Amino acid sequence: MPILDIVKYPDPRLREPTVEVPELTDEVRSLVQDLKDTMFAADGAGIAAIQVGRFERIFLIDGRVATGSEEADAMVFINPEVVETSAATVRSEEGCLSFPGVFVEVQRPRRAKLRAMDLEGNMFEAEGEGLFARAMMHEFDHLTGQLLVDMVGMVKKEVIRRRMKKWHESNPDPTV
Ligand code: NI
């Protein structure tokens, strides 16, 4: 169960189109397990497959964020769709594993309802508010190539670009 390398901005893989998961194979199950290990190791509230360079439409949300319970397992969303979002929005600070050290104020719906398939192949609906809604919408954005840097004005965008350039300079990655 390896911990995978997280793809960091501005790696173009974060903008690639994602693909539906046609069936639950052992490969999909093993990807989900690796995503779970990688998310916990990186202490993320969520992770999308595209952040480890895989293009399946899959994301996970930390169980504590999803349920508020310390013991809850990560919630797995396969081929998710947004069913409904509230008109009411909340502005709050958000981070992303693909932008280490970057935090951005993002306006999001207060509540969100998503439909997805779980690891047993069952469809389920997840309805959340606050941080859970925010995390689901953030991870869903990854499936459409939408990133934190797209949600800010020009000045902040430049700050993020510079910050990530510095990050890459001090974390040279021989695999890229
Ligand atoms: Ni993210």
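Just so you know, ligand 1 is whichever comes first in the structure, and atom 1 is the first atom listed for that ligand. Worth saying up front: this structure is predicted, and the values here are computed from it rather than measured. Along the sequence shown, the residues carry numbers beginning at 1.
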Original post:
Under a 4.0 Å N-O cut-off, is there an ion pair linking Glu129 with Arg110?
Top reply: no
Original post:
Under 4.0 Å between a Lys/Arg side-chain N and an Asp/Glu carboxylate O for Asp26 and Arg29?
Top reply: yes
Subject >> Val65 to Ala135 - nearest heavy-atom pair and separation >> reply: CG1-CB, 4.1 Å
Original post:
Mind checking what makes side chain to side chain contact (heavy atoms under 4.5 Å, CB included) contact with Ala49, not counting sequence neighbours?
Top reply: Leu31, Leu35, Arg54, Ile58
Original post:
side chain to side chain contact (heavy atoms under 4.5 Å, CB included) with Arg162: which residues, sequence neighbours excluded?
Top reply: Glu158
Original post:
How many protein N, O or S atoms are found at a distance of less than 2.8 Å from the Ni ion (ligand 1)?
Top reply: 3
**OP:** Please name all residues satisfying salt bridge (charged side-chain N to carboxylate O under 4.0 Å, His left out) with Glu120, sequence neighbours left out, ordered by chain then number.
**Re:** none
